[in-house]
Chemist: 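Please read through the structure below; I'll follow up with questions.
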Amino acid sequence: MRKMLTIISNVLRASTKKNGAQAVSEGARVVVSSRSYADFTPQASFDIKGCDLHRLEEGPAQQAVLTREEGLQYYRTLQMMRRMELKADQLYKQKIIRGFCHLYDGQEACAVGIEAGINPTDHLITAYRAHGYTLTRGGTVREIMAELTGRRGGIAKGKGGSMHMYTKNFYGGNGIVGAQVPLGAGVALACKYQGRNELCVTLYGDGAANQGQIFETYNMASLWKLPCIFICENNKYGMGTSVERAAASTDYYKRGDFIPGLRVDGMDVLCVREATKFAADHCRAGKGPILMELQTYRYHGHSMSDPGVSYRTREEIQEVRSKSDPISMLKERMLSNNMTNVEELKEIDVEVRKEIEDAAQFATTDPEPPLEELCNHLFSNDQPLEVRGTHPWTKLKSVS
Amino acid sequence: MAAAARLVLRTASGAKVLRAGLGWLGAPIRVPHAAAHFTFHPDPVPTRHGPTQKMNLFQSITSALDNTLSSDPTAVIFGEDVAFGGVFRCTVGLRDKYGKDRVFNTPLCEQGIVGFGIGVAVAGATAIAEIQFADYIFPAFDQIVNEAAKYRYRSGNMFDCGNLTIRAPWGCVGHGSLYHSQSPEAFFAHCPGIKVVIPRSPVQAKGLLLSCIADKNPCIFFEPKILYRAAVEQVPTEPYLIPLSQAEVLQEGSDVTLVAWGTQVHVMKEVAAMAQEKLGVSCEVIDLQTILPWDTETVCKSVVKTGRLLISHEAPVTGGFAAEISSTVQEECFLNLEAPIARVCGYDTPFPHIFEPFYIPDKWKCFDAVKRMINY
């Protein structure tokens, strides 16, 4: 294939010298029509890393089938997520996004893999590193970026910011570490009670794994056999503290004790997808909760105020980027199995970039929410409620 | 065009202007940036406590902790990320100086941190626990209210956790939004058995923190995070104590009493200046310092003199600490009041993300309240 392209490009080069633009466009047309998408492999099977098991007889399949459509869709979402986070970084440095901003780049395989393993009618809740999940759970890049900049077009009307984004069946976006886990178990209870064969994916990080309420939740979920998939996204650092310095046991998949667990390579989309499918089957079969530890890595620091290099070396970050980057891994797999080509992926990149640019433009120019919004949606009330303000002579109205 | 209009609006309202480089025609570019709502007013250099050094708020805290660790061999400091110096640099250098068995990190577990701290204190060591942000103190609320506050009472004075001091960054910071800006002093004011203290400046912070540590009761020390770098003063290097439960009259006046604590004290000083200049009104400014148990005498004496009281805090107005002060003052000084007591506080909403400049009780709202009281 490469040889053919070299021959064609040589011909083009030669012809441009003679005839100029005319020959180039003719040559270009020749190039395009010689590649048709029917030449690509429709699907391929990949060997994936096995999972460490806790209280399980067997784990997820060690082979994953990936179709061309799935691959391209995953690639597009992974790339969209990556570009979106990098754009947010840029906007934050320009002070267009303010407040706290926790970026997800490096961990994209987790969000995309999980979504691929569950149904849109299933439920998901996570902590503050939530931009990726907002995207996979149905949010648009426009809404997400406008929420980051605090504008009325934002997914939470501009009132939530980076840590509080929500969509249907996605319960955020939670600032207080560990507080979302009991909530997730509650959602799982509702799923079981309503009998719609849905489950709840409850995510938390390696830092949160040491919070008391996590263990309270393990107990309740296991006692009542709730269809809850607990997922610990272990990115090796709780803010600036490495896991060895924070946890007596860093085998987070075993910390559920009486809850079966698996440890999964979180940088590989297919690994995550197969593990999620396995876990979902476990829950839907009525066997109760299950715990997954996704071993992943974040390139940025904990938040935009953290450079991310005072507690780890640049070499370490570089190493992960070059050896285990989720997007590179998927790209390599698809290219080496002839499931796509560089041009097609580049096209996707260009489209993604354009969508991000549009979204950033929208996020920068959309107006801020009106002042009336300050007090709206405090309570649910039929009549507008009076809200006492900074002095007794003015009261604001709260509408819900 | 809209952006330019916004720029003009911000600067017209007296916003602080940042020079972001030279722009068109060499004029400095004014970056639209939410201005701080206060100007820090440093106190005069203290002369009674020995040699002083220029320090900002977090450095004065480090100095207090340094003095404590060197004079008290049982003192230990623990919390999230305190070992490398803390997220606000309050414990920089202490671990290297005093060892890792005295300054150590805890995992991410506030309830555990405070519960553990109570145990350390009960066993006889001086425990200084750090909660990373006051917004995160709520998992520890049960330990503070049900255990720490009631230990001495329920054991008939056999045991106590007076050796416990809990420190937490407190208050709005300009971009903190819901979970990095809260002022929870009112929740703890409702709990007999603990003391709640909030300093307004580095000199006050060091003295009050040392008093909290020395005090034989469990204390919560809230540090205004917006002042960590913004507040710079000459602070004595030797240890010194500022008494608890004594409010300080910063400026004497005859017409209106202004009461506040923490960052808001600096807003009040500006309000007093504005009132003098524009209305010819003389204001008495009081820094409450200790929220629980609070100095009723100083405040009431002042109101008897002036007849008007304005209390201001960032926390929401309903059930905020201003309500307690207002209620007590009307009981004690009813016939002395010339106008209803004014409370200029935050709105009854969660601390907003994008609406922060509208939410906080700034000097204009306070000035407005003063004007209405004068004209009542």
Side-chain angles (χ1 to χ4, degrees), chain A residues 94-95 98-100 128 147 149-151 154 156 158-164 174-179 205-213 238-241 245-248 305-306 310-311 364-365 367-369 371 373-378 385-394 396 398, chain B residues 2-3 6 18 20 31-34 80-81 83-84 87 105-112 115 132-133 135-136 138-139 173-181 310 312 316-318 340-350 352-356 358-362 364-366 368-369 372:
Chain A
Q94 292 173 336
K95 296 205 191 235
R98 303 200 68 225
F100 294 86
Y128 45 78
E147 186 60 39
T149 54
R151 307 302 164 95
K159 293 172 76 167
S162 163
M163 292 194 276
H164 310 290
N174 292 282
I176 300 296
V177 173
D206 46 281
N210 300 317
Q211 273 275 328
Q213 44 196 332
M239 210 156 79
T241 307
R245 293 193 297 128
S305 348
D306 171 21
S310 50
Y311 47 85
T364 323
T365 53
E368 286 168 2
L371 187 52
E373 278 295 322
L374 171 62
C375 296
N376 284 350
H377 305 297
L378 273 176
L385 183 71
E386 263 187 356
V387 172
R388 293 206 286 171
T390 47
H391 47 68
W393 302 283
T394 46
L396 299 179
S398 172
Chain B
R6 227 185 300 148
L18 291 179
V31 176
H33 191 276
E80 292 158 25
D81 299 306
F84 86 98
V87 287
N105 283 340
T106 59
L108 217 165
C109 43
E110 286 74 21
Q111 187 173 22
Q132 197 154 87
F133 280 87
D135 313 59
Y136 308 158
F138 301 110
V173 71
H175 53 270
S177 82
L178 285 81
Y179 300 111
H180 295 80
S181 318
L310 167 70
S312 183
V317 62
T318 299
I341 299 172
R343 293 182 289 157
V344 179
C345 308
Y347 291 100
D348 284 336
T349 70
H353 170 223
I354 195 85
F355 297 115
E356 179 165 338
F358 299 108
Y359 176 90
I360 47 176
D362 58 26
W364 303 109
K365 294 178 184 171
C366 296
D368 194 43
R372 285 179 203 250

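A note on names: the letters A, B, ... follow the listed sequences, proteins ahead of strands, and every chain is numbered from 1. Treat the numbers as computed from the prediction; the structure is a model and nothing was measured.
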Chemist: Is there a side chain to side chain donor-acceptor pair (under 3.5 Å) between A:Q211 and B:E110? Walk through the geometry before answering.
Modeler: CA-CA 8 Å; A:Q211 273 275 328; B:E110 286 74 21; 3.0 Å; yes

Chemist: By a 4.5 Å heavy-atom criterion (distance strictly below it), what part of A:A208 contacts chain B: side chain, backbone, both, or neither?
Modeler: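 Contact with chain B is through the backbone of A:A208 alone.
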
Chemist: Name the region of B:S177, side chain, backbone, both or neither, that has any atom closer than 4.5 Å to a heavy atom of chain A.
Modeler: neither

Chemist: Under 4.5 Å heavy-atom distance to chain A, tell me which part of B:D362 shows up: side chain, backbone, both or neither.
Modeler: neither

Chemist: Measure B:V173 against the heavy atoms of chain A and call it side chain, backbone, both or neither at under 4.5 Å.
Modeler: neither

Chemist: I'd like to know whether B:I354 forms a side chain to side chain contact (heavy atoms under 4.5 Å, CB included) with A:R98, so could you lay out the CA-CA distance, the side-chain angles of the two residues, the decisive distance to 0.1 Å, and finally the verdict.
Modeler: CA-CA 9 Å; B:I354 195 85; A:R98 303 200 68 225; over 6 Å; no

Chemist: Output the option from B:Y359, B:F358, B:Y347, B:F138 having the highest count of non-hydrogen pairs under 4.5 Å with chain A.
Modeler: B:Y347

Chemist: Scan side-chain atoms only and decide if B:N105 and A:T241 contain a donor-acceptor pair under the 3.5 Å cut-off.
Modeler: no

Chemist: Please work out whether the ring planes of A:H164 and B:Y179 are parallel, tilted or perpendicular, with thresholds of 30° and 60°.
Modeler: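 The rings of A:H164 and B:Y179 sit tilted, inter-plane angle from 30° to 60°.
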
Chemist: Report yes if the side chains of A:M163 and B:L178 come closer than 4.5 Å at any heavy-atom pair, otherwise no.
Modeler: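 Result no, sub-4.5 Å side-chain heavy-atom pair not found.
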
Chemist: Would you say B:P350 and A:L378 make side-chain contact, with heavy atoms under 4.5 Å?
Modeler: yes

Chemist: If you compare all heavy atoms of A:L374 against all heavy atoms of B:T349, which two are closest, and at what distance to 0.1 Å?
Modeler: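 Result for this residue pair: O-CG2, 3.6 Å.
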
Chemist: Is it the side chain or the backbone of A:P367 that comes within 4.5 Å of chain B heavy atoms, both, or neither?
Modeler: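 Neither part, no heavy atoms under 4.5 Å.
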
Chemist: How long is the straight-line distance from CD of B:E80 back to CE of A:M239, given to the nearest 0.5 Å?
Modeler: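 Reported value, rounded in 0.5 Å steps: 7.5 Å.
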
Chemist: Run the side chain to side chain contact (heavy atoms under 4.5 Å, CB included) check on B:F355 and A:E373 step by step: do they pass?
Modeler: CA-CA 9 Å; B:F355 297 115; A:E373 278 295 322; 3.6 Å; yes

Chemist: Which bit of A:S310 is near chain B, if near means a heavy-atom gap under 4.5 Å: side chain, backbone, both or neither?
Modeler: neither

